[in-house]
Each structure stands twice: as C-alpha cells, then as structure tokens.
Amino acid sequence: MLSAMSQEETPRKKVAVVLSGGGAKGAAHVGVLKVLEKAGIPIDIITGTSMGSIIGGMYACGNDAQRLDSIVRSQEWSEVLSDKDDLRYQSLKEREQHNTYAVTTSLRLKKRKSGRPGIGGGFIIGKNISRLLNTFTYPYNDSIDFNTLPIPFACVATDVVDNSEYVFHSGVLSEALRTSMSIPGAFSPVRKGNRVLVDGGMRNNYPADIAKEMGADYIIGVSVASKPKSPEQLASTTDILLLIVNFNTMNKYEENMAITDIPILVDTEGYSTASFSSSAIDTLIQRLLPSQRHQPI
C-alpha cells in the first residue's frame, strides 16, 4: 500500500523540446511536433532560437501541431519576410500613395515609445512578420512571464554590443520572437535599453542548456543544421553572409547536443534558410531523419 502511494506521489519527469534556428528549414519543427503529439509525448518546456523560437513560441501559446501546419503552409512568405505593404491593411489614401510611388524603401530608423524595444538600422524592419506574430500569439500580447504560458517557454537573442547571449523569459512574446529571428544584415536589430539584439543563433542556436536550467529532466532536441558548403557553392554575397552566420551557430552546439536525450537531426539536404516555397515547406515538414542515438521516455 505504501509503495503504491509513493509511486502516485512521485512527480512525472519534465520533458523539454528544443528547436534550433535555421530559417525556412525550421518548418521541419512542425513535423516533429506532429510526431510527438501522435506518440502522446507530453511537453512541459519549450526553448528555441530564430525560426525555432517562432514555431516554439506559437506552440507554447496553445496552437497545436496541426494548427501550426496550417499557419506555416498558408503564408506568402516572400511578403511576410518583407516590408511590402499589404493592401488589406491600407486606407484609401495609403493605397493611392502606394500606386503613385513605384519605388519604396524600408531603410529608415524608427522610434518607439519608451518601454518597448525600438527597431531600426537594418534592411527589413519586419512589420509584416511582427503582424503575423501578434496574430498567432494572441491572447498573450501583453508583457508577461513566459512561464505562465500553457507551456513554459524561453528563446534566445544575441547582444551585438558585447557579443553576449540574451535569454527572453518574459516580455511581449511576439517581440521576443521577432528579436530572436533578426538575422544580421537581413533584419533590423531590436534595441532594448542599452542592448542591440539580433538573431540568437549567433550565440546559442540550439538552447538545450536553457531547457535544462528551466528544470527539464529529459530533453528532445531538433536540429535543422545543413552540411558546410564547398567553395564552389559560395556563389553570392548572400551565400557568404549565411556561411558566416552558420559558423557562429555552432557555438555551444556540441555541449548542448551532449545533454540532449533524444536528438532529432532533420535531413535538410537540398534546402536552405531561404527555401520558403510551398513545395519546400511541404517537404521540410515531412522530411525527418532521426539520429541513431535514441532512448525511450
């Protein structure tokens, strides 16, 4: 009798899911979450970086894997990841101005009210991705403790002032996600006080250590890292920029992989961070290649 009671009182081990950055390749995280749900595996903690933070943050709000599948597939990503004006949100006057001026630019600085991070100084300000994130993190649009979400959550950014890691455990969730995916040279950094924050992958692209600090007993991690490119494959400035970013994403990677109980390595061969076409997204959601290291929960 005592043995049965002690078993009932023993708390279940906490399971964390860690989602890496990787741009479009991060669509594969949706496929992994669908598999975990189908297997009935509980998720108590989620951490992520860049695209992993976006998928993880929306999931932590209560969007199940099927809902995320619909969200990711239904977006016109070339517009979402730009500052192109959506006519649905424009007044008649704004539409007239849009039609009058054929060329517009997003290279401008933008001030924000005190208490909210300012965004400016980069190529894409990110107004469309911010609108998307605000929509799909509803009703958690105020400044909150991320531990109070349906699933406790954290995401990572990089402070370029001192090259340090910055972990979001609280704040406005959509702004934290927008900050975590601010790829240097592509998206404007986010200013938070004296900090200038960019993509978290520059310091911690696979934040298993953050999940451990949050109390995880068991870690399931998803990496969408690609194989290094050969010199012949570096055909543009963008290729070189992404290579530099990818080198930085390996920071802490081996140490964090070592504390992962079930690492899932997604086969992203043939796809890049910019592979946002409908066919690519469809394939990436389904293209899983589990690693040989595996332990049952």
Engineer: Is it the case that the side chain of Glu37 and the backbone of Ala65 share a donor-acceptor pair, with hydrogens and angles ignored and the cut-off at 3.5 Å?
Structural biologist: yes
Engineer: Between Tyr138 and Phe136, does the ring centroid distance fall short of 6.0 Å?
Structural biologist: no
Engineer: Using 0.5 Å steps for rounding, measure from the CG atom of Leu133 to the CG atom of Leu173.
Structural biologist: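 Nearest 0.5 Å value for the CG-CG distance: 8.0 Å.
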Engineer: Any salt bridge between Asp44 and Lys13, counting N to O under 4.0 Å?
Structural biologist: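 No, this pair does not count.
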Engineer: Should the pair Glu175-Lys192 be classified as a salt bridge under the 4.0 Å nitrogen-to-oxygen rule?
Structural biologist: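 A salt bridge is absent here (no side-chain N lies under 4.0 Å from a carboxylate O).
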Engineer: Starting at CZ of Phe153, measure out to CD1 of Ile45 and round the result to the nearest 0.5 Å.
Structural biologist: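 The CD1 atom of Ile45 is 12.5 Å from CZ of Phe153, to the nearest 0.5 Å.
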Engineer: Hey, what do you get for CG (Leu33) to CD1 (Ile285), rounding to the nearest 0.5 Å?
Structural biologist: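 Leu33 CG to Ile285 CD1: 10.5 Å, rounded to 0.5 Å.
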Engineer: Please say whether more than 12 non-hydrogen atoms of neighbouring residues, nucleotides or ligands are located less than 6.0 Å from CG in Asn194.
Structural biologist: no
Engineer: Grouping I, L, V, M, F, W and Y whenever their side-chain heavy atoms are under 4.5 Å apart, do Met51 and Ile210 come out in a common cluster?
Structural biologist: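 No.
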Engineer: Just by distance, do the side chain of Ser277 and the backbone of Ala280 share a donor-acceptor pair under 3.5 Å?
Structural biologist: yes
Engineer: Between Arg131 and Asn128, do the side chains contain an N or O donor and an N or O acceptor separated by less than 3.5 Å?
Structural biologist: yes
Engineer: After noting the C-alpha distance and the side-chain angles of Glu165 and Val167, does the key distance pass the side-chain contact (heavy atoms from CB on, under 4.5 Å) rule?
Structural biologist: CA-CA 7 Å; Glu165 180 179 331; Val167 182; 3.6 Å; yes
Engineer: Can you see which heavy atom on Val72 is nearest to which on Ala27, and at what distance?
Structural biologist: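 So the two residues come closest at CG1-CB, 4.3 Å.
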Engineer: Roughly how far, to the nearest 0.5 Å, is the CZ atom of Phe146 from the SG atom of Cys61?
Structural biologist: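 Nearest 0.5 Å value for the SG-CZ distance: 9.0 Å.
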Engineer: Identify the heavy atoms of Ala28 and Val224 that sit nearest to each other, and give their distance.
Structural biologist: CB-CG1, 4.1 Å
Engineer: Nearest 0.5 Å please: distance from the CD1 atom of Ile55 over to the CG atom of Leu68.
Structural biologist: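 Taking CD1 in Ile55 and CG in Leu68, the distance rounds to 5.5 Å.
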Engineer: Among side-chain atoms of Thr179 and Tyr166, is any donor-acceptor pair under 3.5 angstrom?
Structural biologist: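 No, because no side-chain N or O of Thr179 sits under 3.5 Å from a partner of the opposite role on Tyr166.
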Engineer: State, to 0.1 Å, how close Gly126 and Arg178 come at their nearest heavy-atom pair, and which atoms those are.
Structural biologist: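 Answer, listing the atom of Gly126 first, then Arg178: CA-NE, 4.0 Å.
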Engineer: Is the closest side-chain donor-acceptor distance between Thr148 and Tyr140 under 3.5 Å?
Structural biologist: no
Engineer: Any side-chain to backbone donor/acceptor pair from Ser82 onto Lys84? Under 3.5 Å, distance only.
Structural biologist: yes
Engineer: Would you call Pro42 and Arg12 a side-chain contact if the rule is heavy atoms closer than 4.5 Å?
Structural biologist: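 Yes; the side chains approach each other to less than 4.5 Å.
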Engineer: Would you indicate whether the side-chain heavy atoms of Val266 and Tyr271 approach each other to under 4.5 Å?
Structural biologist: no
Engineer: Does Val172 belong to the same Ile/Leu/Val/Met/Phe/Trp/Tyr cluster as Val156, with side-chain heavy atoms less than 4.5 Å apart forming each link?
Structural biologist: no
Engineer: Indicate, with yes or no, if Ile71 and Val32 share a hydrophobic cluster defined by side-chain heavy-atom contacts under 4.5 Å among Ile, Leu, Val, Met, Phe, Trp and Tyr.
Structural biologist: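 Result: yes, single cluster for both.
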Engineer: With salt bridge (Lys or Arg N to Asp or Glu O under 4.0 Å) as the test, would you mind laying out the steps for Asp217 and Lys14 before giving the verdict?
Structural biologist: CA-CA 5 Å; Asp217 299 303; Lys14 289 186 177 181; over 6 Å; no
Engineer: Between the main-chain N or O of Asp199 and the side-chain N or O of Ser180, is there a donor-acceptor pair closer than 3.5 Å?
Structural biologist: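 Here the side-chain-to-backbone pair does not exist.
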Engineer: Can a donor-acceptor pair be found, under 3.5 Å and without considering hydrogens, that links the side chain of Asn205 to the backbone of Ser20?
Structural biologist: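 Not confirmed, Asn205 side chain does not pair with Ser20 backbone.
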Engineer: Just by distance, do the side chain of Thr158 and the backbone of Val160 share a donor-acceptor pair under 3.5 Å?
Structural biologist: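 Answer holds: no.
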Engineer: Using a 4.5 Å cut-off on heavy atoms from C-beta on, say whether the side chain of Phe187 contacts that of Ile125.
Structural biologist: no
Engineer: Just so I know, are the side chains of Val190 and Arg195 near enough to count as touching, which here means a heavy-atom distance under 4.5 Å?
Structural biologist: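 Sidechains of Arg195 and Val190: no contact.
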Engineer: Just checking, any donor-acceptor pair under 3.5 angstrom between side chains of Asn256 and Asn204?
Structural biologist: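 On atom types as modelled, these side chains qualify, holding a pair under 3.5 Å.
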Engineer: Once you round to the nearest 0.5 Å, how far does CE of Met214 lie from CD1 of Ile219?
Structural biologist: 11.0 Å
Engineer: So, do Ile220 and Ile264 sit near enough that their side-chain heavy atoms are less than 4.5 Å apart?
Structural biologist: yes
Engineer: Which heavy-atom pair separates Ser182 from Leu197 by the least distance, and what is that distance?
Structural biologist: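 Taking every non-hydrogen atom into account, CB-O, 4.4 Å.
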Engineer: Side chains of Tyr206 and Lys252, heavy atoms from C-beta outward: is any pair under 4.5 Å?
Structural biologist: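 They are not in side-chain contact.
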Engineer: If Ile, Leu, Val, Met, Phe, Trp and Tyr residues are connected whenever their side-chain heavy atoms lie under 4.5 Å apart, and connections chain through other members, are Leu19 and Met181 in the same group?
Structural biologist: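 Yes, Leu19 connects to Met181 through the hydrophobic network.
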Engineer: If we ignore hydrogens and angles and just use 3.5 Å, is the side chain of Thr47 paired with the main-chain N or O of Pro207 as donor and acceptor?
Structural biologist: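 Checked: pair present.
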Engineer: Can you hop from Leu177 to Ile43 via hydrophobic side chains spaced under 4.5 Å?
Structural biologist: yes
Engineer: Any idea which heavy atoms bring Ile281 and Ala24 closest together, and the distance?
Structural biologist: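 So the two residues come closest at CD1-O, 4.4 Å.
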Engineer: How far apart are the closest heavy atoms of Lys25 and Ala225, and which atoms are they?
Structural biologist: NZ-C, 4.2 Å
